[in-house]
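First the structure, in the form of structure tokens, and then the observations on it.
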Amino acid sequence: MKKTEGRPESEAIVMKAAEGDRLTRQGSRSASAGDRRAGPGAGVEHPADHAHLITDPREPLPLLRQELRTGPRGLSAREAARRLVVYGPNTVRRGRRSSLLPQLGRQLAHPLALLLWAAAALAFVAAMPVLGWAILAVIVVNAAFALLQERQAERAVEALAAYLPERALVVRDGRTQAVEAVELVPGDLVALEEGDKVPADARLTGGALEIDMSMLTGESAPVERVAGPSEDGVALLREPNLIFSGTTCVSGQAQAIVFATGGHTELGRIASLSQRGRHRDSPLEVQVKRVAWLIAAVAVGMGAAFLLIGTLVGLPVTDALMFAIGLLVANVPEGLLPTITLALAVGVRVLARRGAVVKRLSAVETLGSTNVICTDKTGTLTENRMRLRAYWTPASGIVTRDAPPPAELAQVMSDCTTVSRTDDGALRGDPTEIALVEGAGSPDLAGRDERRRAVFRFDARLRLMSTVSRHGDKLTVNVKGAPEAVLAHAVIEQQARADVLAAVDDLARRGLRVLAIAARDLPAAAPVPAHREEAETELRVLGLVGLYDPPRPEAAEAVARCHEAGLRVHVVTGDNGATAAAVAAEVGIGVPRLTVVAEAEQLHDHDLDELLTGDAEVVFARSSPETKLKVADALRAHGRIVAMTGDGANDAPALHAAHIGVAMGASGTDVAREAATLVLTDDNFATIVAAIESGRRVYDNVRKFILYIFAHAVPEIVPFLIFALSGGAIPLPLTVLQILAIDLGTETLPALALGREPAEPGLMSRPPRPASQGVISRDMLVRAWGYLGLVSAALVMGVFFYVLRRAGWQPGDPTGPGSPLHQAYLMATTATFAGLVTCQIGTAMAARTDHAPLRQVGLTSNPLLLAGIAFELAFAAALIYLPPLQHLFGTAALPIDVLAVIATFPVIVWGTDELRRWVRRRRARS
């Protein structure tokens, strides 16, 4: 805690307890006082709740002191030690971490993980232990990664502790002493001054402060807190005599009595809200689970059905089992989960290069499906830096151009500040005063200090600040403050007063914070005023200044792109409605119209639902943490995908509860960054739009490789159906090992490369997809199974029969080991395998676009896909021509004419799908 600088006697704030405030009775008040309490800690459990005093911080100060059993001398050291045992330390309580085993169990029992377990078991059954262990490794890696993500939310509460100061000045046993902040208890009397962090929730007993409440309310301007009576019907955070843990004293001096510590403070309540928010699956996670159960049901159902069919048509039991296993392997996409994980990881890396750090992989896709953004104002849409936006003088009227104010006005604006410069020349001090100095043209502050003779710092009760400076042979009193306060100390005619008030109203309607600037020239021989009452009188009003926290330069373009992409943008802020509405209008929020809710805390759920389901974009002003939660929950209830931005500790619960929380990395708090799933390292609202574009591209690419994988199910299943339905007269055109080689070998790299596919034209011109739209649609299944799958199946079965018939095979002829046709059979199954590989190439090219022709995307625009295809061909050639692998996979070298036939398959598969898309485009245009 820093020491108070020497000041004139007039500036000092003498903090004495009011007469009659002595302790007159002991014990706690009846529960009726607690029933009225709407303050910090309400509903927050604590191990010692039964022992807590029930207090209402807004009741008369003598009664509050009685309830807290304290007085002007503070608590005794012994009583403070006893209360510390009862109330616990003044720290944000951390929730009990859930056990690792249940969390790990949930990850290992994920539907897609269960399919991978089945695939691993089948790999071991098929005598391929290497593939089996590889699949098990994929399961473990994915489970471990998901487990780490679940731990992110728990660290959000721990980050709140950074807002509490390490030490605090406390009056105990009648002496002011420094103690550890964690040892504060209700009833302690704390001393605060400029620059201090408030260590606990407290009621002012003397003095006045300006408090930076932005981390709790989101307001950019400091608020006044004065010792005095409470106001009726005012929310707890708006009470003029209460200060709250974690906020900062911008100016002033005061003494306050602590009424809540630890988990019972506003800060502790935010921690509780963050802890209670349960994790909800992202839209992609929900869809992947549905896909997994669909695949599992199809695989098991087909395996069981055709096992029965094979038995009925007279197949031996061993052949029937082999047939069933083949169907299961053909249906289980072993590479789907790692492919999705790696595709999202690619999106994470792309976003990181653009200034967005994703903490949960699925958040990339969630951004792509977002249709509503709830954004804070201060520091998110704006620069969180006050600037002079306009000024008024009796001679000029309101001036909003960039020209500096008149000389005398600028002189007083600069002189009536305590701003200083750092070693590198930057301004340091109160944001409002920095704005005044910059607006005055950044004058010589060293000269200002040399001329200064007295400082009467800002008094929140008087709402004034003044300084006395020497200019030549005369003294000048420089004053700034609230317009009504300055006018009360000014000598001004009635018409001039009316002109000033009209200008104040005009500037306020523009969303500006208005200060009045005044001066008084003292006679040449007059002494320096010893008291501010002597200085702040008979003032001459020089003008008004309108201060503004300007929007970020790129915010308007970012909002326009959001609208182009079909997103709605709401502003949820703790600031006042006029300021928030002005900023919203300036950046383009309000399409087709803007609705401003001046007191969002008082908004009923029914009215909230009506607002959010209407066509307007909304500014929710004077919002509390609960308001943000209510907005997020209401939007979710109406099926919206919600992205919530924020940077303060007050945003943490809403960031955690939204589908995706977006925190500011540079100016944001640790609390917000820990609770969020996406952190903007450049604090740039425009980066959200880039992230949304990336998310949409990732989602499209997930659909592309699901299409790619599904399309191969048909040509893998059809050979087993022909084998079963022929009663064994037609030998198996494809072996289980060859299917595994396709699913985990040749198929994987091209599928991964589709995750890096560039965006299709018009990606950000289409509206967000409906929340009910699945990652698998009927159109996708028709395309995968009805077009690409059937064409591929016809081609591979055609080349299978071509090789067998060329060797003289007839249905029913034996093809087993030792038979004359066995070598031809090996060549035929190898041709089927090679045909499937080349059909995969055509499918990959077709899957690159959903509507547009391939030429618009570019044949070579995805070099990773070309590399994946090259690997696919090399891998297949190794299985076909290397003797050790021939023996393992049952393959044989193919003659040149068969290779020539197979080489046409990619063009045929891609060409038929290109023709289908051309027909669809013509129908759409007609």
Side-chain angles (χ1 to χ4, degrees), residues 221 224 386-417 432-433 435-441 443 448 451 454-472 474-524 526 529 531-548 576 578-579 582:
E224 302 165 0
M386 301 295 287
R387 290 182 181 175
L388 180 67
R389 179 67 176 269
Y391 65 86
W392 173 90
T393 66
S396 66
I398 293 179
V399 179
T400 58
R401 60 179 182 268
D402 294 332
E408 186 179 13
L409 180 62
Q411 181 76 57
V412 176
M413 286 168 53
S414 172
D415 282 359
C416 194
T417 64
T432 299
E433 293 192 345
L436 291 175
V437 170
E438 290 179 336
R448 176 204 65 183
R451 296 190 303 270
V455 176
F456 303 99
R457 294 183 181 272
F458 180 81
D459 188 322
R461 294 167 296 183
L462 300 175
R463 303 178 71 186
L464 291 173
M465 175 187 172
S466 58
T467 63
V468 180
S469 302
R470 178 167 293 280
H471 295 275
K474 69 175 182 178
L475 294 173
T476 301
V477 177
N478 313 294
V479 181
K480 74 170 186 291
E484 56 272 23
V486 172
L487 288 173
H489 294 77
V491 177
I492 186 170
E493 296 180 357
Q494 191 64 32
Q495 182 57 47
R497 180 184 297 269
D499 292 342
V500 171
L501 293 176
V504 169
D505 290 340
D506 193 347
L507 291 171
R509 282 195 299 269
R510 305 184 190 195
L512 306 182
R513 185 187 183 198
V514 184
L515 294 178
I517 306 297
R520 177 190 174 202
D521 294 329
L522 299 179
H531 303 280
R532 69 186 314 153
E533 292 81 3
E534 300 173 8
E536 296 167 352
T537 185
E538 298 181 0
L539 300 176
R540 174 169 49 93
V541 177
L542 299 179
L544 304 172
V545 292
L547 304 178
Y548 189 55
N576 69 77
T579 302

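Inspection of the T467 and N478 side chains reveals an N or O donor paired with an N or O acceptor under 3.5 Å. Side chains of T417 and R448: a donor-acceptor N/O pair is present below 3.5 angstrom, by distance only.
Between the CD1 atom of I517 and the CG atom of D415 there is a distance of 11.0 Å, given to the nearest 0.5 Å. L547 contributes atom CG, which lies 5.5 Å from atom CG of L436 (distance to the nearest 0.5 angstrom). Residue L501 holds its CG atom at 12.5 Å from CG of D506, rounded to the nearest 0.5 Å. Here the CG atom belonging to L515 is positioned 6.5 Å from the OG1 atom belonging to T432, to the nearest 0.5 angstrom. A distance of 15.5 Å separates CZ in R457 from CG in L464, rounded to the nearest 0.5 Å. Note that the OG atom of S469 and the CD atom of Q411 stand 7.5 Å from one another [nearest 0.5 Å].
Salt-bridge annotation for R520 and E536: absent, with no side-chain N of the basic residue lying under 4.0 Å from a carboxylate O of the acidic one. Ion pairing between a basic and an acidic side chain is recognised when a charged N comes within 4.0 Å of a carboxylate O; E438 and R387 show no such pairing. Under the 4.0 Å criterion applied to side-chain N and carboxylate O atoms, R540 and E408 are assigned as salt-bridge partners. The residues R509 and D505 are annotated as not salt-bridged, no charged nitrogen and carboxylate oxygen being separated by less than 4.0 angstrom.
The two atoms that bring P483 and A516 nearest to each other are CA-CB, 3.7 Å, heavy atoms only. Closest heavy-atom contact between Y391 and P404: OH-O, 3.7 Å. Residues A410 and A440 come closest through the heavy atom pair O-CB, 3.4 Å. Nearest heavy-atom pair, T400 versus A390, reported as atom, atom and distance to 0.1 Å: CG2-CB, 3.7 Å. Nearest heavy atoms, L462 versus A485: O-CB, 3.4 Å. Nearest approach of P529 to F456, heavy atoms of both residues: O-CZ, 3.6 Å.
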Criterion side chain to side chain contact (heavy atoms under 4.5 Å, CB included) on V477 and V479, from CA distance to verdict: CA-CA 7 Å; V477 177; V479 181; 3.8 Å; yes
When you look at T476 and V468, which way does the side chain to side chain contact (heavy atoms under 4.5 Å, CB included) test go after all the steps? CA-CA 6 Å; T476 301; V468 180; over 6 Å; no
List the steps and the verdict of side chain to side chain contact (heavy atoms under 4.5 Å, CB included) for R510 and R389. CA-CA 10 Å; R510 305 184 190 195; R389 179 67 176 269; over 6 Å; no
Test side chain to side chain contact (heavy atoms under 4.5 Å, CB included) applied to V500 and I492, step by step: CA-CA 10 Å; V500 171; I492 186 170; 4.1 Å; yes
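Partners of E433 according to the side chain to side chain donor-acceptor pair (under 3.5 Å) rule, which considers only residues two or more places apart in sequence or in another chain, are T418, K480. E534 pairs by the salt bridge (Lys or Arg N to Asp or Glu O under 4.0 Å) definition with nothing, not counting sequence neighbours. For the side chain to side chain contact (heavy atoms under 4.5 Å, CB included) test, residues two or more places apart in sequence or in another chain that qualify with P394 are W392.
Here the side chain of R532 pairs no donor or acceptor atom with the backbone of V455 at under 3.5 angstrom.
Just one residue in the list L409, V541, V399, I398 forms a side chain to side chain contact (heavy atoms under 4.5 Å, CB included) with T393, and that residue is L409.
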